[in-house]
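No hydrogens, no waters, no symmetry mates; every other heavy atom, side chains included, goes into these values.
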Amino acid sequence: MKITRHTDYALRLLMIVAVRSERTTVGKAADVLRVSRHHLVKIAKRLGELGYLELVRGKSGGVSLARPPREINVGRVFRELENSILVECFDHHVNQCIFAGGCTLEGAFRSAFEAFCAELDRVTLADLVREHRGPRAVLGLVEIG
């Protein structure tokens, strides 16, 4: 199973924002992630629309979490961002499979997707940033002992 870069970067952006004690800029986050600022702005905007980030424009602007990390469920974020997961039969707008509607493979893929999401449902953003040797250390917010 492969998730889109959009979702991958969105989760990483949420992690960066979660470990910062104050608002950060998308530009700084883009530098840390080594991705295009323009691309990360689109992702931040989407996370803002979904209610995960608070975005403030202007000279002293930036992004911060719109709710506490323990209230941000990774499974929910994943479902909201991934709209073309796995196979074309999941997307009725582009589905051209000759077996559509009568294929048991689609059901198997759906079950696998739901099992994957069920595991992510057990994880919050707080869980992702709790480990001090993980994101906090990478961002230089704690010493690695």
Side-chain angles (χ1 to χ4, degrees), residues 1-57 61-142 144:
M1 176 177 222
K2 185 175 180 179
I3 67 172
T4 62
R5 285 188 178 154
H6 181 87
T7 300
D8 183 23
Y9 294 149
L11 292 169
R12 292 170 194 258
L13 176 59
L14 287 172
M15 291 168 67
I16 289 170
V17 175
V19 299
R20 298 280 183 184
S21 57
E22 71 277 343
R23 186 180 300 138
T24 191
T25 66
V26 174
K28 287 180 186 175
D31 290 344
V32 169
L33 292 173
R34 298 183 185 124
V35 299
S36 156
R37 181 185 177 282
H38 179 73
H39 186 61
L40 207 57
V41 165
K42 289 181 190 178
I43 292 169
K45 182 180 179 199
R46 180 70 179 132
L47 289 170
E49 293 167 353
L50 293 170
Y52 297 113
L53 289 181
E54 183 177 291
L55 296 96
V56 177
R57 293 180 149 207
V63 295
S64 58
L65 292 179
R67 54 183 114 155
R70 70 181 178 282
E71 294 179 13
I72 298 177
N73 181 275
V74 175
R76 177 174 285 237
V77 173
F78 183 82
R79 281 183 186 91
E80 290 177 329
L81 295 176
E82 282 294 328
N83 57 11
S84 61
I85 192 72
L86 287 180
V87 290
E88 72 178 77
C89 55
F90 279 28
D91 186 346
H92 299 291
H93 298 292
V94 298
N95 187 5
Q96 295 184 13
C97 178
I98 61 170
F99 302 118
C103 180
T104 55
L105 184 58
E106 179 182 354
F109 280 141
R110 283 197 190 281
S111 293
F113 175 70
E114 285 307 316
F116 180 82
C117 288
E119 278 300 309
L120 293 179
D121 286 339
R122 298 173 31 176
V123 181
T124 68
L125 182 58
D127 297 326
L128 295 180
V129 299
R130 185 172 293 130
E131 176 59 45
H132 73 280
R133 292 176 189 247
R136 293 179 188 281
V138 169
L139 295 173
L141 299 174
V142 297
I144 298 176

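Put simply, CD on Glu22 and OG on Ser64 are 10.5 Å apart, with the number rounded to the nearest 0.5 Å. In this structure, the separation between CZ on Arg70 and CD1 on Ile72 is 10.5 Å, given to the nearest 0.5 Å. Annotation: the span from Met15 atom CE to Leu33 atom CG amounts to 9.5 Å, rounded to 0.5 Å. The structure places NZ of Lys28 at 14.0 Å from CG of Leu40, a figure rounded to the nearest 0.5 Å. Here the CD-CZ distance, from Glu119 to Phe78, works out to 12.5 Å after rounding to the nearest 0.5 Å. How far CG of Leu50 is from CZ of Arg76: 10.5 Å, rounded to the nearest 0.5 Å.
For the pair Lys42/Tyr9, no side-chain contact is recorded, criterion being any heavy-atom separation below 4.5 Å from C-beta on.
Residue Arg23 places its CZ atom among more than 12 non-hydrogen atoms of other residues, nucleotides or ligands, all under 6.0 Å distant. Residue Arg67 places its CZ atom among more than 12 non-hydrogen atoms of other residues, nucleotides or ligands, all under 6.0 Å distant.
Contact record, Gly51 with Ala66: O-CB, 3.3 Å, taken as the closest heavy-atom pair. Closest approach of Val63 and Ala44 over heavy atoms only: CG1-CB, 4.4 Å. For the pair Pro69 and Ala18, the tightest heavy-atom approach, listed with the atom from each and the gap, is CG-CB, 4.3 Å. The two residues Leu11 and Val77 make their nearest non-hydrogen contact at CD2-CG1, 3.7 Å. The two residues Val17 and Leu65 have their closest heavy-atom pair at CG1-N, 3.5 Å. Residues Leu47 and Ala10 come closest through the heavy atom pair CD1-O, 3.7 Å.
Scanning for side-chain contact (heavy atoms from CB on, under 4.5 Å) contacts around Asp31 gives an empty result, with sequence neighbours left out. Partners of His6 according to the side-chain contact (heavy atoms from CB on, under 4.5 Å) rule, which considers only residues two or more places apart in sequence or in another chain, are Thr4, Ile43, Arg46, Leu81.
Of the candidates Leu55, Val41, Leu13, Val26 forms a side chain to side chain contact (heavy atoms under 4.5 Å, CB included) with just one, namely Val41.
Looking at Glu114 and Arg79, a side-chain N of the basic residue comes within less than 4.0 Å of a carboxylate O on the acidic one, giving a salt bridge. Remark: Asp127 engages Arg130 in a salt bridge, criterion side-chain N to carboxylate O under 4.0 Å.
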